[in-house]
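Encoded as structure tokens, the structure appears first; notes follow it.
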Amino acid sequence: MIIERENPARFAEIVGAVPSTPPDRVDEIVRRADAEQRSWAARPLTDRLATLTRAAAAIEDAIEELAPLLARESGKVVGDCRGELGFAVRYLRWVVQHAPGVYGDRELDDDLGRLVERRRPFGVVAAVTPWNAPIILAMLKIAPALAAGNAVVVKPSPLAPLTIDRVIALFAAPIHAVHGGAETGAALVGHELVRKVAFTGGTDGGRAVAALAGDRLTPTVMELGGNDPAVLLDDASFDDDAMDRLVMASFATSGQVCMAAKRLYVPQSRLGEFADAYRSAAGRVLTTGDPLAAGVTMGPVISAAAQRAAVALIPPGAVPLGRFDADPSTGYFVRPALVIAPDPDAPLVTREQFAPVVPVLGYPDEKTVLTWANAGELGLGASVWSADEERAFTFARWFEAGFTFVNTHNRTGMSLRAPFGGVKRSGWGREYAHEGLTEYVQTCVIHAPAAFRPGAATAPAGPSAYPTG
Ligand code: NAD
């Protein structure tokens, strides 16, 4: 069986195909990865990092060829695809630079005894990833996992398997891809030789994966959905730069980003002024059309089901945004929209829409807006916008969110040095930064207490003794 991938911008066009991986073949691949892992882990860290450095160079060399492929399979605009591939290369190099400080042994030898802390790899890591940023979301798992001495089996989304397959082939390391949907993912996650699961995806898929892993007592890192609020305080600037940034924070990748600004809150007294400024910004920065065409900043959504779901979320009276140079009958295009003052209990507000339609609600005071912002089960990102940074940071501390942006939201607010992940049902564990490296090792200790070292003067204490150091 093969998985064919259509172009969401022109669904009559088949972009390419990958072979699907039946469960017995998943077993074979995991066993091979397990066998390869031992010799990979036995190689010096510097050796493994040199391999990753070569992979980074190979990916960088291929960006111009791979970016259009990624655009054609995912519907993301080609500049965005180039940016994602480049960012994945940067992250890979960041890992090479920072891994020695995290994965090396730590040794202490003093009057309390001798202590060695080792960072050991888990073994085979299963990386199950979504389609919306298929390269960087896989790289956030692949790079630290391989650097630490693990083998990796990646299960990309069947909605964007082509480019990541090519990227994986550029590593001379124990890394393999298996292809398919939930069934293939389940065969991988539930495999007895998988020792760690790194999952990025929706809350439903996450629940199934966590249950399977839990049954095997396999540890997980889970990066799940979000319904990020963006709160504009009463002194927030509605100038062109801020509004342009806010529009793209919601509509990049057609609103299909975990940390998109998905609910906007502005002071009730400024709602009209905001709607005008936002619509003007969309006129400047938002052009929907073919992802490969120059000047286009938003492509289609990923599938027919996503197109139907998005259209169903747009009520009559919604404000259409930006330029629309697309034909929704030949590609999965959706005219982006702003919904002003919807019912606060509408699904568009209470659930992750993952679509190019955004609600804006007026709020009476800061206490109320915080209650609204923190409502619900998700807690991935949030943002606060204010002319006063101190005030913004004070407000930010009250969000129930893993990552709070100040005066921006989404990709432009990320940093390689800032750990990313959710609270509440948006997941656990972190990617990026130091914490993103430590997810792929277990600390193991070798310890000789001073009291029992050969020639020690102190005699062992009685049966109820506690450590002295
Ligand atoms: P999805 O959950 O449908 O799929 C993600 C991956 O999991 C795919 O590879 C899929 O085949 C696999 N999968 C799904 N069900 C499975 C099961 N029962 N067993 C094993 N594998 C299974 O997500 P999607 O539609 O591809 O991506 C969109 C979602 O991902 C959104 O909710 C978005 O917010 C979230 N997301 C989160 C982050 C983050 O960092 N927190 C980043 C990107 C996307």
Side-chain angles (χ1 to χ4, degrees), residues 3 5 8 18 20-21 23 26 73-76 84 91 126-141 153-161 164-165 177-191 194 197-216 218 220-228 250 252-262 301-303 305-306 309-310 351-355 377-382 401-403 410-411 414 418-432 436 439:
I3 299 169
R5 185 58 201 140
V18 287
S20 76
T21 317
V26 172
E73 67 170 330
S74 69
K76 285 155 53 124
E84 182 183 340
Y91 179 65
V128 180
T129 53
W131 66 268
N132 68 330
I135 310 305
I136 184 63
L137 294 173
M139 196 61 77
L140 288 167
K141 302 160 181 57
V153 180
V154 184
K155 211 265 333 137
S157 166
L159 296 173
I164 187 62
D165 209 50
V178 294
H179 290 290
E183 198 191 327
T184 309
L188 175 63
V189 168
H191 196 286
V194 165
V197 172
F199 176 85
T200 301
T203 305
D204 291 344
R207 190 174 287 114
V209 164
L212 259 177
D215 200 45
R216 285 245 181 240
T218 308
T220 54
V221 45
M222 305 293 287
E223 303 288 343
L224 307 177
N227 190 14
D228 291 16
S250 292
T253 315
S254 309
Q256 304 163 113
V257 179
C258 58
M259 56 178 163
K262 294 187 175 126
V301 295
I302 190 69
S303 64
R351 297 200 200 133
E352 177 182 42
Q353 68 274 53
F354 220 60
E377 291 283 272
L378 301 178
L380 189 62
F403 201 117
N410 206 335
R411 281 204 301 260
M414 302 287 289
F420 183 86
V423 299
K424 299 198 287 188
R425 309 265 185 251
S426 285
W428 54 86
R430 292 293 179 260
E431 296 195 313
Y432 295 100
E439 292 287 354

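For ligands, and for the atoms within them, numbers begin at 1 and follow the listed sequence. Quick caveat, the model's predicted, so the values are computed rather than measured.
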Next item on the list: Collect the protein residues that have a non-hydrogen atom under 4.0 Å from ligand 1 and hand them over in chain and number order.
Entry: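 Within 4.0 Å of ligand 1, the protein residues are Val128, Thr129, Pro130, Trp131, Asn132, Leu137, Lys155, Pro156, Ser157, Pro158, Gly181, Ala182, Gly185, Ala186, Phe199, Thr200, Gly201, Gly202, Gly205, Ala208, Val209, Glu223, Leu224, Gly225, Gly226, Cys258, Glu352, Phe354, Leu380, Phe420.
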Notebook entry, point to check: Considering residues at least two apart in sequence or located in another chain, which fulfil the side-chain hydrogen bond (donor to acceptor under 3.5 Å, both in side chains) criterion with Arg425?
Noted result: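 Per chain and number, Arg425 pairs via side-chain hydrogen bond (donor to acceptor under 3.5 Å, both in side chains) with Glu377.
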Notebook entry, point to check: Looking at residues at least two apart in the chain, or sitting in another chain, which of them share a side-chain hydrogen bond (donor to acceptor under 3.5 Å, both in side chains) with Lys155?
Noted result: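 Testing Lys155 for side-chain hydrogen bond (donor to acceptor under 3.5 Å, both in side chains), a comparison that skips the adjacent residues, returns none.
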Checklist line | Arg411: partners by side chain to side chain contact (heavy atoms under 4.5 Å, CB included), with sequence neighbours left out | finding: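 For Arg411, the residues satisfying side chain to side chain contact (heavy atoms under 4.5 Å, CB included) (neighbours in sequence not counted) are Asp80, Ala252, Thr253, Met259.
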Check: What class does the angle between the rings of Phe403 and Phe420 fall in, given that below 30° is parallel, 30 to 60° is tilted and above 60° is perpendicular?
Finding: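 Answer is tilted, since the angle falls between 30° and 60°.
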Notebook entry, point to check: Are any of the side-chain nitrogens in Glu439 or Lys141 under 4.0 Å away from the carboxylate oxygens of its partner?
Noted result: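 Judged by the 4.0 Å cut-off on N to carboxylate O distance, Glu439 and Lys141 do not form a salt bridge.
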Notebook entry, point to check: Is there a donor-acceptor contact under 3.5 Å from the side chain of Ser74 to the main chain of Lys76?
Noted result: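 Indeed, once roles are kept as given, a pair shorter than 3.5 Å links the two residues.
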